[in-house]
Structures are given as structure tokens and as C-alpha cells.
Amino acid sequence: MEGKKRILVACGTAIATSTVVAKAIEEALEKRGIYVTIRQCKASEVPSLAADADLIVTTTPVATDHGKPVIQTLSFLTGIGKEAVIEEIIEKLKD
Amino acid sequence: MALSDLLLKSTITLNLDSQSSSDVIQHLGSKLLDAGLVKASFVNAALEREKIMPTGLPLGGTINAAIPHTDVEHVYKAGVAMATLTQPVTFQNMVNPTEGVEVRIVFLLALDQPKSQIEMLQEIAGVLQNPNLIEGLVSAKSIPEALQLIKDASSG
């Protein structure tokens, strides 16, 4: 679908925490009627993949010099502050 | 597969007396190795990865957790090893590696493919987000008791 926003979800290995985070974001946004494309990657892949993303959500430090907004959060793993992060994601996707 | 199926009795250690995060990873790694779930290279790979990309998770209460893991090539079959600790050891914070997190419960994850274990990963996130369950696991007196707590929580 044209105009669908793209979120890049990064973690260390691209298999563990980013899997949980990607699923949690997808479900939280769908509940609000927002449909996005989510791609998982390793933190080290962010510089090469950032260009194709509208927003980067990561559980581990990543490069931030690619001009795309970055949200660093453990909320989707620990549950702490999750609602606030979802609001932040929605806000950042509007730009 | 559900967490309660992947968490084998043989891979749970309650009240482990450990001095460091490396101790815990080595102990749990040997459990996964004995259970035939991981290759001999797994433990060192998990230790190395923990140094570069740590996995400590502050849970906002008195008990914090860590979820060490490493790349799929060191794993034969998905599984989890869990330890509760008599005294906290320091892991570095996943999102902020310069910060130490005092950890009392550790899940060492053997992951093969992302999609096949989403249920297990979500369940672990569910455990981390359930302070009563975390507290229950840390004070559990026996392995069957700990497994039952996890089963009860996942069946809602």
C-alpha cells in the first residue's frame, strides 16, 4: 500500500528482542488502525538500512547520524512506559 | 512452542550462588550444552556478545533480569535456561551499556530462527512484565514450583 510508513526495528542479533518489539509495535499500532511495514535488523545494519525507513526503534545503541528519528527503548520488553513510547512512535510517524 | 515446554527441568537452576554475569552465562550455557541444544561454541559466543551488546533489563522494581543470547549458528535447537540468583550480579543495561543493572534472574536463550520462537520470546517478555511472577520465581523453592508458576501465568 502506498504511503505505508516503514519502521526499522533493531537489536543486537536481529532475532531475539527485535522480534518481540516488532510484534508488539505491529499489534499496538493495528489496534489504533495504523498499518506499517516493519523490518528487523541488527544494530550494525542500521546505517545501511536507515535510508529506507521512516523511523528506527532499537533496544540497543545504534548510529544516529543518518537523519532518521531513532527511539531507543526497552518498553516493549519490560512493559515500563509502553503507552508513552507508542504515542511517541505515532507522533514521529506523522512527520 | 511455549516457554513451559522449552524450559526443561534440567536447564533451571534456583538460588545459584554466582559472582559475576560471566559465571551465570557459563553455568547456564553448560546446562544447554548438556541438554544437547547448543554447540560447544555457544558459551563463548554468548559471553563475547554480552560484552559488546549486553542484555541487562531494569524492570522498575527490586528485581531485574538479563536475557543473554547469541547468533543462530551456535544453536542446534531452540531452548531456554533459567537461573535465579541468591545475590545479584551486575549485567550492563541493554539500551545503555555504560550503566550497570543488578540482576537476580537470568534467561539464557538458545535461538535458532526468529519466526519459530516468537511465542517463546513473547512469553519471556510476558514474564518480565509480570512483577508478581518474577518475584514468585526468585523465591521459588523447587523447580516444579517454578515451572508451575510459569504455566499458570501463561494460561492466564
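Reckoned from all heavy atoms, side chains included, excluding hydrogens, waters and symmetry mates. Letters go in sequence order (proteins before strands), and every chain restarts at 1.
By the 4.0 Å N-to-carboxylate-O rule, A:Glu45 lies too far from A:Lys42 to be salt-bridged with it. Here A:Arg32 pairs with A:Glu83 in a salt bridge; the nearest charged N to carboxylate O distance falls below 4.0 Å. No salt bridge links A:Glu27 with A:Lys31; every basic N to acidic carboxylate O contact stays at or beyond 4.0 Å.
With a threshold of 4.5 angstrom between heavy atoms, B:Asn93 approaches chain A through side-chain atoms but not through N, CA, C or O. With a 4.5 Å cut-off on non-hydrogen atoms, B:Ile52 does not touch chain A at all. Neither the backbone nor the side chain of A:Ser18 comes within less than 4.5 Å of any heavy atom in chain B. Proximity to chain A (any heavy atom under 4.5 Å) is shown, for B:Thr55, by neither the backbone nor the side chain. In this structure, the portions of A:Leu77 lying under 4.5 Å from any heavy atom of chain B include both its backbone and its side chain.
The choice from B:Leu57, B:Val95, B:Leu128 that makes the most heavy-atom pairs within less than 4.5 Å of chain A is B:Val95. Of the listed residues B:Gly60, B:Gly126, B:Pro58, B:Pro54, the one with more heavy-atom pairs under 4.5 angstrom with chain A than any other is B:Pro58.
Here the closest heavy-atom approach between residue B:Val75 and residue B:Asp71 is recorded as CG2-O, 4.2 Å.
Within the 3.5 Å criterion, the main-chain N or O of B:Leu16 finds no donor-acceptor partner in the side chain of B:Thr13. With A:Thr17 contributing its side chain and A:Cys11 its backbone, the two residues share no donor-acceptor pair below 3.5 Å. The backbone N or O of B:Glu102 sits less than 3.5 Å from a side-chain atom of B:Asn64, completing a donor-acceptor pair. Remark: the backbone N or O of B:Gln87 is not paired with any side-chain donor or acceptor of B:Arg104 at under 3.5 angstrom.
Among the residues in residues 59-71 of chain A, those with a non-hydrogen atom closer than 4.5 angstrom to a non-hydrogen atom of chain B are A:Thr59, A:Thr60, A:Pro61.
For CZ of A:Arg6, the number of neighbouring non-hydrogen atoms (other residues, nucleotides, ligands) closer than 6.0 Å is greater than 12.
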